[in-house]
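Notes follow once the structure below has been shown.
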Number of protein chains: 2
Amino acid sequence: MGIIRHTKSVKSLIQAFNESENAISVAVLLKRFKEDMNKTTVYRILDRMEESGVLHSFIGKDGDRWYSKYTENTSASSTISHPHFQCDSCGKSECLTLDINIPPLPNHKVDSASLLLIGQCQDCLIEITQ
Amino acid sequence: MGIIRHTKSVKSLIQAFNESENAISVAVLLKRFKEDMNKTTVYRILDRMEESGVLHSFIGKDGDRWYSKYTENTSASSTISHPHFQCDSCGKSECLTLDINIPPLPNHKVDSASLLLIGQCQDCLIEITQ
DNA sequence: AATATAATGCAACTTTGATGCAATAAGATA
DNA sequence: TATCTTATTGCATCAAAGTTGCATTATATT
């Protein structure tokens, strides 16, 4: 097990997540850093950052992977896993602090959950009503 | 809009879903019918069967797509969408009739949900305890 | 049987992601 | 600061997943 070095590429990714309130998809990250670093590097840094607990990832509505930093509210708590919301109009994904209760499931052991709510985000709702 | 023809390939897929209690992943279907039909055909039949309401699909824990037929219990009901369970050991996915309550989410319009519980299925639990 | 067209096969292509290895750069140490 | 160790990166290559266009085939209808 190695130490994560604070390289130029790593700094760029950290900055991207610090500047973003919401989650960022791998596709967006690859495009954003196309000129700055190799795609392999992006994948590998995301792996390391998740493994080290700086980021967490989840699967979006279309099966694509999204990453987001942890905050006080979204950290792995007593809950199985915090839910996410993805907007059907703009595609944006957010971490939710919403507490979703999972009823007991007979004959199964539930260890975690991937809970994604899909609909219209605040910005897109405003656009619709205007 | 066209009519779905009852071809040999379509019959094979329908049979596969009728014989299976659980959902089937695209990867498994592609392998199973590798000798019988082109992969393009598998993709296209699944599209048609979902569009016509015979099957529904959902995203598994690893971002891969699964298909399952509708039953009385899992049909789109008053609930936003029925949840699924995927086993972390054997990978098997099942439709759940479990009713998961989604609390109201301020400033959002929630249209649907992708709810996946992850853990150990009955078969794998038995193996562990033996 | 003839016909219209839905469905399929096939080849080619795109996208996404992984891997091996040589070159580079970060951080520790002297 | 110079040196050294090794984590990290770039690059080329590859594999898997999925899409598209088009010619051919098969289904259902008349």
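Convention: sequence-line order gives letters A, B, ...; per-chain numbering from 1.
- B:F58 and B:L55 fall into different hydrophobic clusters, where Ile, Leu, Val, Met, Phe, Trp and Tyr residues are linked whenever their side-chain heavy atoms come under 4.5 Å apart, directly or through other members.
- Around CD of B:E50, the count of heavy atoms belonging to other residues, nucleotides or ligands within 6.0 Å exceeds 12.
- Following rounding to the nearest Å, A:N38 (CG) and C:dG17 (C1') show an atom-to-atom distance of 12 Å.
- Both B:M37 and A:T7 lie close to DNA chain C; mapped to their nearest nucleotides by heavy-atom distance, the more 5′-ward contact belongs to B:M37.
- Atom CG in A:L13 sits roughly 13 Å away from atom P in D:dT8 (whole-Å rounding).
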Working for side-chain contact (heavy atoms from CB on, under 4.5 Å), residues B:C90 and B:C121: CA-CA 8 Å; B:C90 67; B:C121 73; 3.9 Å; yes
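- In this structure, the CG atom of B:L29 is 16 Å from the C1' atom of D:dA16, given to the nearest Å.
- Proximity of B:R48 to the phosphate of C:dT8: a side-chain N or O atom is located under 4.0 Å from OP1 or OP2.
- Contact between B:I4 and B:R48 at its shortest, heavy atoms only, is CD1-O, 3.6 Å.
- If you measure from atom CD1 of B:I45 to atom C1' of C:dG9, you get 12 Å, rounded to the nearest angstrom.
- Evaluated for a side-chain contact (heavy atoms from CB on, under 4.5 Å) with A:K69, the options A:N18, A:I14, A:V54 yield exactly one hit, A:N18.
- The distance from atom NZ of B:K31 to atom C1' of D:dA15 is 13 Å, rounded to the nearest whole Å.
- Taking every side-chain heavy atom of B:S9 into account, C:dT8 is the closest of C:dT8, D:dT8, C:dA7.
- Salt bridge annotation for A:K8-A:D36: absent, with no cationic side-chain nitrogen under 4.0 angstrom from a carboxylate oxygen.
- Nearest to the side chain of A:R5, among C:dG27, D:dT9, D:dA26, sits C:dG27.
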Under 4.0 Å protein heavy-atom contacts per nucleotide of nucleotides 18-23 of chain D, with B for base, S for backbone only and - for none: BBBB--
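- Aromatic ring centroids of A:H108 and B:F85 lie under 6.0 Å apart.
- Summarising the geometry, the separation between CD1 on A:I59 and P on C:dT16 is reported as 14 Å, rounded to the nearest angstrom.
- If you take CD of B:E35 and P of C:dC10, they are 12 Å apart, rounded to a whole angstrom.
- Per the geometry, NE2 belonging to B:H6 stands 14 Å off C1' belonging to C:dA7, to the nearest Å.
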